[in-house]
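In each ligand, atom 1 is the first atom listed, and ligand 1 is the first ligand listed. Along the sequence shown, the residues carry numbers beginning at 1. Quick caveat, the model's predicted, so the values are computed rather than measured.
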Amino acid sequence: MYGLGILKGMGVTLKHFLDTYIEDLRFLGKGKRTDVAFNLRQSGSNQRLGLFTVEYPEEKIAVPERFRFIPFLVINNLDAEEDPGKIWCTSCGICAKVCPPQCIWIVRGTDPETGRPKPEPEEFYIDIDICMNCGLCAEFCPFDAIKMDHDYELASYDRTTHHIFDKARLSKEFRYWRSIAPTISAEEAEARGGWEHKDVLKEKAKAARTADKATGAS
Ligand code: SF4
Ligand code: SF4
């Protein structure tokens, strides 16, 4: 029948309109904007009912796990038993090579005693105004050392000084990565053979072998 589609569409709109008030009644007295209400009603939720306006910046829609903004560097947790705060980056330079707009700058560290390069960056910079959030650096890093962050509130009044992120600003604890990407970090840990960084696992295996040899020799 001519106009049936229009009526159906209006019916859907009316349903959403009424659901808005019916849903509000469910949270009556608890405040319309409790975290539970907010999470239920944002578009990512399959229970979404009614019309919904996000009152940003007081409220923020949760971003999906694979959301990516500016990269960050993973470091060991600051309360880790071994090497607290150790940066996972080995300064291999692959991320800087694959970065399409070339916005990563790395200065490789040098051992002060031997003068030889050490597998750790002395300095690490990302120009976040140039970064196009492609995620290639994180894709290509062979050490799981650089990850895409969820923090998108990076505006400032001075882009000349505030938008070149240095090593200190880029570094975030491993537990942060686990908190924003529980599924991906678990998959990566499984592929590595454990929750710890593969260098730590390697060191542990080496220590165990040395201990075994020492026990065998005695
Ligand atoms: S690819 Fe990974 S390990 Fe290599 S320099 Fe980049 S962040 Fe560091
Ligand atoms: S996300 Fe893309 S553009 Fe940004 S630093 Fe990584 S590789 Fe470069």
Side-chain angles (χ1 to χ4, degrees), residues 63-78 80 82-112 114-156 158-206:
V63 293
E65 191 171 329
R66 289 193 182 273
F67 176 82
R68 44 174 211 259
F69 207 61
I70 298 299
F72 68 94
L73 296 169
V74 183
I75 59 169
N76 278 350
N77 291 333
L78 295 175
E82 288 176 56
D83 297 330
K86 184 178 177 358
I87 192 163
W88 287 20
C89 172
T90 62
S91 191
C92 70
I94 290 174
C95 56
K97 280 200 185 84
V98 299
C99 173
Q102 294 287 287
C103 63
I104 301 178
W105 179 256
I106 305 165
V107 179
R108 184 181 264 262
T110 312
D111 191 316
T114 61
R116 288 177 148 184
K118 60 176 182 181
E120 195 179 312
E122 199 73 53
E123 293 170 52
F124 198 115
Y125 299 100
I126 296 181
D127 186 332
I128 65 153
D129 283 336
I130 295 177
C131 172
M132 58 189 205
N133 322 113
C134 65
L136 283 181
C137 48
E139 286 286 322
F140 278 84
C141 175
F143 300 98
D144 293 337
I146 188 164
K147 298 291 170 201
M148 301 308 287
D149 208 346
H150 285 185
D151 184 11
Y152 51 84
E153 293 178 312
L154 303 174
S156 76
D158 180 4
R159 70 180 193 172
T160 51
T161 53
H162 287 75
H163 292 187
I164 310 286
F165 280 19
D166 62 9
K167 191 171 126 184
R169 185 140 187 212
L170 288 168
S171 297
K172 294 194 175 178
E173 286 180 274
F174 178 47
R175 62 163 60 89
Y176 173 73
W177 171 234
R178 286 184 69 176
S179 73
I180 63 167
T183 319
I184 306 168
S185 59
E187 285 167 5
E188 287 174 353
E190 204 182 320
R192 273 200 306 271
W195 275 109
E196 288 166 298
H197 188 269
K198 51 184 160 195
D199 285 354
V200 174
L201 297 173
K202 226 190 286 174
E203 285 301 315
K204 276 188 178 168
K206 201 170 142 192

Given side chain to side chain contact (heavy atoms under 4.5 Å, CB included), test Tyr176 with Val74 step by step and report yes or no.
CA-CA 9 Å; Tyr176 173 73; Val74 183; over 6 Å; no

Rounded to the nearest 0.5 Å, what's the gap from SG on Cys95 to CZ on Phe140? Could you check?
11.5 Å

Gap between atom OG of Ser171 and atom CG of Asp166 - 0.5 Å precision
8.5 Å

Would you say atom 6 (Fe) of ligand 2 has Cys137 as a near neighbour, meaning an N/O/S atom of that residue under 2.8 Å away?
yes

Which residue and heavy atom of the protein sit nearest atom 3 (S) of ligand 2, plus the separation:
Met132 N, 3.3 Å

Donor-acceptor pair, distance only, cut-off 3.5 Å: does the side chain of His150 make one with the backbone of Glu65?
yes

Could you see which bit of Met148 sits under 4.0 Å from ligand 2, with heavy atoms only: side chain, backbone, both or neither?
side chain

Counting each atom of ligand 2 from 1 as listed, which ones have a heavy atom of Pro101 under 4.0 Å away?
3 (S)

Any atoms of ligand 1 less than 4.0 Å from a non-hydrogen atom of Cys95? List them with their elements.
1 (S), 5 (S), 6 (Fe), 7 (S)

Nearest protein heavy-atom contact for atom 1 (S) of ligand 2: which residue, which atom, what distance?
Gly135 N, 3.2 Å

Working note: Ile87 + Leu73, criterion side chain to side chain contact (heavy atoms under 4.5 Å, CB included); need CA distance, chi angles, decisive distance, verdict.
CA-CA 7 Å; Ile87 192 163; Leu73 296 169; 3.9 Å; yes

Atom CD1 of Ile126 and atom CD1 of Ile70: how far apart are they, to the nearest 0.5 Å?
7.5 Å

CA sep, side-chain torsions, deciding dist, call: Tyr152, Phe69, side chain to side chain contact (heavy atoms under 4.5 Å, CB included)
CA-CA 6 Å; Tyr152 51 84; Phe69 207 61; 4.0 Å; yes

Between Glu139 and Arg68, does any side-chain N to carboxylate O distance fall below 4.0 Å?
no

For ligand 2, which part of Cys103 has a heavy atom less than 4.0 Å away: the side chain, the backbone, both, or neither?
side chain

Which ligand 1 atoms, with their elements, are less than 4.0 angstrom from a heavy-atom of Ile106?
5 (S)

Atoms of ligand 1 less than 4.0 Å from Cys92 heavy atoms?
1 (S), 3 (S), 4 (Fe), 5 (S)

Does Cys99 put an N, O or S atom under 2.8 Å from atom 8 (Fe) of ligand 2?
yes

Atom 8 (Fe) of ligand 1 reached by Cys89 (N, O or S, under 2.8 Å)
yes

Subset of ligand 2 atoms that lie under 4.0 Å from at least one heavy atom of Cys131
1 (S), 3 (S), 4 (Fe), 5 (S)

Can you sort out which atoms of ligand 2 are near Ile104, meaning under 4.0 Å from one of its heavy atoms?
5 (S)

To the nearest 0.1 Å, how far is atom 5 (S) of ligand 1 from its closest protein heavy atom, and which atom is that?
Gly93 N, 3.2 Å

Over 60° means perpendicular and under 30° means parallel, so tell me whether Phe174 and Trp195 are parallel, tilted or perpendicular.
tilted

Need the ligand 1 atom indices (1-based, order shown) with element for anything under 4.0 Å from a heavy-atom of Thr90.
3 (S), 8 (Fe)

Which protein heavy atom lies closest to atom 2 (Fe) of ligand 2, and at what distance to 0.1 Å?
Cys134 SG, 2.2 Å

Ligand 1 atoms nearer than 4.0 angstrom to some heavy atom of Phe143 are 3 (S)

Considering the heavy atoms of Ile146, write down every atom of ligand 1 situated less than 4.0 Å from one of them.
7 (S)

